[in-house]
Each structure stands twice: as C-alpha cells, then as structure tokens.
Number of protein chains: 2
Amino acid sequence: MRPESRKQEIINAAAILFKEKGYSAVTMRDLAKAMGIKAASLYNHIQSKQEILSTIIIGLAEEFTVGMNKIVNSDENTIQKLENIIDLHIDVTLRNADGLASLNNDWMHLEEDNLQYFEKMRQEYEDNFRNIVKKGLEKGEIKPYNIEIMVFSTLSTLRTLYLWYPEQKEIDSDILKRDMISVLLKGVA
Amino acid sequence: MRPESRKQEIINAAAILFKEKGYSAVTMRDLAKAMGIKAASLYNHIQSKQEILSTIIIGLAEEFTVGMNKIVNSDENTIQKLENIIDLHIDVTLRNADGLASLNNDWMHLEEDNLQYFEKMRQEYEDNFRNIVKKGLEKGEIKPYNIEIMVFSTLSTLRTLYLWYPEQKEIDSDILKRDMISVLLKGVA
DNA sequence: AAACAAAACTAACAATTGTTAGTTTGATAC
DNA sequence: GTATCAAACTAACAATTGTTAGTTTTGTTT
C-alpha cells in the first residue's frame, strides 16, 4: 500500500465531510480538525477549498466519461451495454463512494470553467445513455415504455448507489452486480 | 386561489433557493433579495432560518408518513400497495417539488428535536416499504431478488423524481404514473 | 383624521468564514 | 553539526453570516 500524499489525504478527508454535511457547511477548520492540524496548515498542501472540490468532482466525472465512451464504442448489444453501465457505476462507487456525494450534490458549487466542463460531461453522459436506450428500443431489444422514464429511473438508482451500498456489508459486489442487473432490466413483479 | 400568507411566500421562495444551492449556501440576504425586501424584514414573518428549513422538511415527512400508513393498513395485495406508493410520491412531487430537494439533501441541517423526529419517520417509512416487499416475496407476488436491492432501487428512483419530473412538461401525470409503474415493477428488458 | 397593525426600513452586533504572512518544528542529507 | 525542506504553527485580515433593536412607511378601520 503506497503512502498517499498529504494532499490526497486531505482530499479524502474532505470528501467524507462533504458527504456528511455538504461542501458549503464544511469549514476549513472542520477539515483541519479531522486531519489533526490547524486550518492554516492545510494551505501548505492545497491552494483553496475550491480546489479540493474540483479535484474530487472533475476526476470522477472524467472516469465516467472515459468508461461511457468505451461502452458506446463497443459492438455489444443494447442489453450488454446497459449491463456494462451498471458495472461502471458499481466499480466507481466501490472505489470512491465518498467523492460521489460531492459529484451528486455539490457540483453547483464549482466555479466558472470547471462548472461548464462538468455540465458538458454530464450532458454528454446522459445523451449517450439515452441513445443506447433509444437504439435498443428501435431494435426491439427493450420494452416500448417512455424513454425518458427508463433513462431517469435507471440513472437515479445508479447515481444513488453511493448512499446505500457502503452500508450493505453483507452483499458481495458480484452478487450486487447480478441482482442489480436483474432488478433494473427485468423488474421486480 | 386564496392569497398565501407572507410567511408561506417566504418559505416557498426559500425552497426554490435551497433546491438550487442547498440550505447552507443560501443566505438570508439571498432570500430577502428573492422576495424584493431587506434581510431584516424577513424576521417580521419568520423566527429563524432554521424554522424555514424545519417547516419545509417536517411537513413533507409527515405527508409521506400519513400516506404510507394508509397504504400499509389497506387490504390490497403487494403489487397494488407498491402502485399506491408510486402514486404517493408522484402526488407529493407535483405538489411540492422544490421542498423535496430540502427533504432529500438538507435534512442533516435540522436541529436536535426535529432531526430526531425526521430520522424516526424516515426509518419507519423504509421499514414499512421493506415489509411490504418482504411479504410480497413470501406470497410469491414478486420475484425473489435481494430485498434490499429492490427496496433501494425503487426508493431512490421515487426520491429523485423531484429533480426530473418538473423538467418534463410533455409527460402527463397519469401517463407518468402508468409508465413508472411499468418500468419499476416490470423492468425494461 | 386619527388610530392601529402589518410590513418594510436603517444600522449595527458578535461570530464565523476562507485565506495570508511570517515563524517554528522536525526529520533527512551532507 | 549544519543546511535543507516539508509541514506544522500563531496571529491576523477583510468579508460575510444570522440576527436584533429601533424606526418609518403603508394601508385599513374607525
């Protein structure tokens, strides 16, 4: 286990606090206390509170963008693509559940350039998702319900995984993937 | 349309701002500006910023509690009960989408008594939901997937409706209910 | 027109915010 | 043992925060 840089330790601690109270409610003094140092000392490692937030969010957003592009450019069928998207979300969630809280709830506190960059990535991600569902519907691979409702319900479940999965210590990640695919694609009734 | 009290107007304006930036990032001066008055004038109508938050959240939480209790105590079968829960969420979302943002994202900023009260209601709501699914599974009315995954995926979709539905002006609420029930209960594949 | 209440205002407060400047500590390298 | 450098510290700042006190405006009722 290679030792993390002090900067990364600070970012990890911040992600936990941001998850608990949100970016705006966490002060640099809160973060310093969590690290066992004084607030001013944080600035030996980071440039600003904003830098912490953008590091967390932009990194994750780029992970999703890269993952989605691979899936879009593959030659698998619709169902397999949807399964791979579910996989992607579960993988990222297992690796950085805390950061996903910021991605989901605090992206609007990003400043100018990063905010635009983030919104562009999110838009493209949703468009890619929507197009996969649309093509699957045309090819008859999935049922003819309203596209927006299918996209929304699937995406909102995957986006909220970070809140729920870390609590469920009993469930193995492979079992989660299997049952998640079943529930999202085949329904419960 | 009976004229709303000034207090209620302030609470509605606050809910919109809380939805956009979160409770902690909205200042009383922001809220005053949205109302076209000065911050100090707000205090002729409300007691504190905290009172605004708790009014929004506790009211909604009680609506869900009352609605869920009616469903639990009805003698309908599992699928019908799940349909009624979907209905409940859609109804509340249509009536107060802005307030639901606070319920979902800012409940942790409630203070002592209200925080405990809220957490108790949320716990009981989730327990009721889980028990309905569990009973349906025992009676063979729904498929034998992992209960937590079914509860979580359904609930996360319903809880996030507020983010999405107000944007979809094309979709009629009855059609939404029908397709939502289809997607959540019968799957897409 | 006088009285009253509702709702706005100005001015200020004490506390907290992110951040900077300058200094001290502690370990490693020479 | 001295130089070096990362990483901590103390002290302070200007701005912003929720809120209070006291006053003026506005509109309605008598």
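By convention in this document, chain letters (A, B, ...) are assigned in the order of the sequence lines, proteins followed by strands, and residues within each chain are numbered from 1.
Note on A:His45: every side-chain N or O is 4.0 Å or more away from OP1 and OP2 of D:dA6. At the phosphate of D:dC9, neither OP1 nor OP2 sits under 4.0 Å from any side-chain N or O atom of A:Lys38. For B:Arg29 and D:dT19, the shortest distance from a side-chain N or O to OP1 or OP2 is not below 4.0 Å. OP1 or OP2 of D:dA7 has not a single side-chain nitrogen or oxygen of A:Ser41 nearer than 4.0 Å.
Put simply, CG on B:Leu31 is 18 Å from P on D:dT16, counting in whole angstrom units. In this structure, A:Leu42 atom CG and D:dC9 atom C1' are separated by 12 Å, rounded to whole Å. One interatomic measurement links the two molecules: CD1 of B:Ile37 to C1' of C:dC9, which rounds to 10 Å at whole-angstrom precision. The CE atom of B:Met28 sits 17 Å away from the P atom of C:dT10 (whole-angstrom rounding). Rounded to whole Å, the distance from CD1 on B:Ile52 to C1' on D:dG18 is 11 Å. B:Tyr43 has its OH atom 13 Å from the C1' atom of C:dC13, to the nearest Å. Rounded to an integer number of Å, the gap from A:Lys21 NZ to C:dT16 C1' is 12 Å. Counting to the nearest Å, the C1' atom of D:dG18 and the CD atom of B:Glu111 are 12 Å from each other.
Annotation: of the two residues near DNA chain C, A:Thr27 and A:Gln47, the 5′-most nearest-nucleotide partner is A:Thr27.
Of the candidates A:Thr154, A:Asp179, A:Ile85, A:Thr154 is the only one forming a side chain to side chain contact (heavy atoms under 4.5 Å, CB included) with A:Leu184.
Distance from the side chain of B:Ala40 is smallest to D:dA21 among D:dG18, D:dA21, C:dG18. The side chain of B:Lys49 sits closest to D:dT19 out of D:dT19, C:dT19, D:dA7.
Below the 3.5 angstrom threshold, one finds a donor paired with an acceptor across the side chain of A:Asn44 and the base of D:dA8.
With hydrogens and angles ignored, the 3.5 Å screen pairs a side-chain donor or acceptor of A:Asp106 with a backbone N or O of A:Tyr23.
Considering CG of B:Asn12 and CG of B:Asn96, their distance stands at 7.0 Å, rounded to 0.5 Å. Note that the CD atom of B:Glu9 and the NZ atom of B:Lys7 stand 13.5 Å from one another [nearest 0.5 Å].
Side-chain contact check for A:Gln123 and A:Asp127: at least one donor-acceptor pair (N or O, by modelled atom type) lies under 3.5 Å.
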